[in-house]
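Naming: A, B, ... by sequence-line order, numbering from 1 per chain. What you are looking at is a predicted structure, and each value in this text was computed from that prediction instead of being measured. Values below: every heavy atom of this structure, side chains too, minus hydrogens, waters and symmetry copies.
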Amino acid sequence: MSKGSDEIVYGLKRDYLEKISSKGTRIDGRSAIEYRPIVITPNYVIRAEGSADVKLGKTRVLVGVKMEPGEPFPDTPNQGVLTTNAELIPMASPTFEAGPPNEDSIELARVVDRSIRESKMIDLEKLVITPGEKVWIVYVDIHVLDYDGNLIDASQFGAVAALLNTTVPGSRYGMEDFPLPINHVPVITTFAKIGKQLFVDPSLEEEEVSSARLSIATDENGNIVAMQKGLSGSFTQEEVYSAIDKSIEIGKDIRKRLFGR
Amino acid sequence: MGMQSDIKLIDENGLRIDGRKPDELRPIKIEVGVLNRADGSAYIEWGGNKILAAVYGPREAFPKHTQNPSRAIVNARYNMAAFSVDERKRPGPDRRAVEISKVISEALEASIFVEQFPRTSIDVYIEVLQADAGTRIAGLTAASVALADAGIPMKDLVVGCAAGKVDGKIVLDLNKEEDNYGEADLPLAIIPRTQEIVLMQMDGNMTREEVREAIEMAKKAALFISNLQKEALRAKYEKGEIQKTEENSNEGVNKGE
Amino acid sequence: MDLNKKIVLPGEEIDINGFKQGNGLYFEDGKYYSYQLGLIQVYNNFVNIIPLSGKYFPSKNDKVIAKVIEIAPSFWVLDINSPYPAFLHVNDTPWKPSSGELAKILNVGDTVYAKVNEITESRQIWLSIKEPGLRKIEGGHIVTVQPSRVSRIIGKGGSMVNMIKESTGVKIQLGQNGVVWLDGEPEKVLEVIRILKFIEEESTASGLTDAVKSRLEKSR
């Protein structure tokens, strides 16, 4: 079928998911705060300085970190540079098209980037080669391979896992290799709103019928470091507070389970 | 090709820098049906190459002006992940990727019964996750497995291998160093059943006799790899296939007459 | 050679053994070859390759579940999970809307259970819902399965699907295009989805019916 028809949802499927969600039931039998199985394979790509292959249910994302020396930004002469990019390649979904990044892939990359940057996960001050002139550039590239919902969490977990096993390739440039200096471990949790209920880690089927999306990144101190509300629906203030509380709890659990921190 | 170097690529025992004999392949592993959304998919590890191939289609060709009223169009897209090579590759197609995509599309199309699906496209996506020389042939080899997994009608599974010239010797399946510092590289793909050549490129410098030797060597290896493709498909589909007739109703399956 | 139930790959030579060439085979230089991944089946003296994967290609009189994707002045365009869209003309429905008012009857995203009425030479597929049982579907849930597995889900004379219906109390309508409509208690619908996936993926040799039976009994 043409690409357009993949985006038209069966009306009765929408009604069905909304109906069962009012009882807090999900189509795959999960609880409202339950993630699909998460499997992370670190160091998947040896040519990268760090990498991780993430399977979140049937969603699959590969994240690679590359590093090279470059110029610092003028306003932060004594810090390394973090650059995050996401590719929604057409392999991953019949609705993705080849071409330059669109607003979806740019939003995805920026939300993941914010969680890493604002939590100060990477100690960028330790990535200076010559102050004011030469610093390490950290490229985080998110390659979405199979799209079955919740790309934000899959990509963020992958980026964190990849950075945690990144080695700065100093020896390639006549310096010494060293592990990427890490300060904090941010974890993001995404909620989808279906009817009046909020569910974590929406599958594609759930995303297709959800009215609003909320992603909250927390650090190990239980502080909020980044948020993003998406889609044209809305949340009440109470819903936001409740989601924040849940994201702190879930973040703790995932940080421990996936990253041992 | 053509970078000058003092590196000795073949030692006094006739072995290559990775220990292989001149006509020896790198290890190859193929898996079928590794992706969920695609209509067909395959994963190949070939030496240090890690490559995914996915097929969507036949589906209505889009945009509409690309539709051919008498047959399907075959669109392969070869892409390298930014982190697949030592120096980060800028995302998006460069001239090399566009050329490789074109020759792969044409090679696959040679085997596909495109006239069965007018106005559609058969989209083949090849993603190089980790590159280690010979990516186009490894990608093509995975792509034809993905096409079979997607149920696309084909004469046979297209398969290939490269041969080239290193330290004055014809060798099979060049690795990264041999590709960089060797004297010639000749990637080749065939339809195994008929042994027709459907992809061939070459760069470097070889005599007429050396080209013949390289083609012969690559073809022989391709026939071997063809069996790996078939074993991978059987491994997926023979796993749990129904053997008993009674499980099949006559509804919807007997469209034969 | 035992022709029945053997898995073949594209390019594999098939000895049709005195039978006639059916679907999924091509003839070249005096020999027959499979052009598709599938199972060999001999039926009415024809040797066919039954595909094990791939898109749905309709045959006349197939019953399908279709989704409206576009509305024209006198017909609807529907997705039938096939490379080509299907069309439904108002004359092939029980309704008589005035021109331009089709959306009031079937809107984009609506679902119908329809019959493939005609396939033209240029591959236009025309549907009809003018027979008893054919209708607009309302309520319930939609899942998709591999179209080539639908006959397996139905089972001989409907034995498999009836067993699932009786055990779970879920209403099930199977489209030959792999689209399945389910209606019932959410837990039971989920159970049926899991069983459909089981049949689709595992479909283990001889014991499939028994395996499904024991799964149904366990979850009761």
CZ (A/Arg172) and CD (B/Glu87) are apart, to the nearest 0.5 Å, by 8.5 Å

Distance col, row A/Glu49:CD vs B/Arg88:CZ, nearest 0.5 angstrom, shows 11.5 Å

How are the rings of B/Tyr43 and A/Tyr44 set to each other: parallel, tilted or perpendicular (split at 30° and 60°)?
tilted

Whatever's closer than 4.5 Å to a heavy atom in chain A on B/Ala61 counts as neither

Bottom line for B/Asp39: the part with an atom under 4.5 Å from chain A's heavy atoms is neither

Has [X] got a side-chain atom pairing as donor or acceptor with [Y]'s backbone, closer than 3.5 angstrom?
X        : Y       : answer
B/Gln130 : A/Ile46 : yes
B/Lys50  : A/Val45 : no
A/Arg60  : B/Leu35 : no
A/Asp146 : B/Asn36 : yes
B/Tyr56  : A/Ser93 : yes

Greatest number of non-hydrogen atom pairs under 4.5 angstrom with chain A, of B/Ala38, B/Ser84, B/Ser121, B/Gly57, falls to B/Ser84

In terms of heavy-atom pairs under 4.5 Å with chain A, the winner among B/Val34, B/Leu52, B/Thr120 is B/Leu52

Give a yes or no on whether [X] atom [atom1] has more than 12 heavy-atom contacts from other residues, nucleotides or ligands under 6.0 Å away.
X        : atom1 : result
A/Arg110 : CZ    : no
A/Glu34  : CD    : yes
A/Glu71  : CD    : no

Might you point out which heavy atoms bring [X] and [Y] nearest each other, and give the distance in Å?
X       : Y       : value
B/Arg77 : A/Ala98 : NE-CB, 3.4 Å
B/Val85 : A/Lys66 : O-NZ, 2.9 Å
B/Phe62 : A/Glu97 : CE2-OE2, 4.2 Å

Do [X] and [Y] come within less than 4.5 Å of each other through their side chains, counting heavy atoms only?
X        : Y        : value
A/Met91  : B/Ile126 : no
A/Leu145 : B/Leu129 : yes
A/Pro94  : B/Arg59  : yes
B/Asp123 : A/Pro90  : no

Of the listed A/Ala92, A/Pro101, A/Pro100, the one with the largest count of heavy-atom pairs under 4.5 Å with chain B is A/Ala92

Of the listed A/Glu68, A/Lys58, A/Glu87, the one with the largest count of heavy-atom pairs under 4.5 Å with chain B is A/Lys58

Cut-off 4.5 Å, heavy atoms of chain B, and the answer for A/Ile89 is side chain

Okay, A/Asn85 and chain B: the region with an atom under 4.5 Å from a heavy atom over there is side chain

Starting from the C-alpha separation in whole Å, work towards a yes-or-no answer on side-chain contact (heavy atoms from CB on, under 4.5 Å) for B/Arg37 and A/Leu204. CA-CA 11 Å; B/Arg37 285 307 291 284; A/Leu204 177 62; 2.9 Å; yes

Could you go step by step and tell me if B/Phe83 and A/His143 meet the side-chain contact (heavy atoms from CB on, under 4.5 Å) rule?
CA-CA 10 Å; B/Phe83 43 75; A/His143 219 61; 3.9 Å; yes

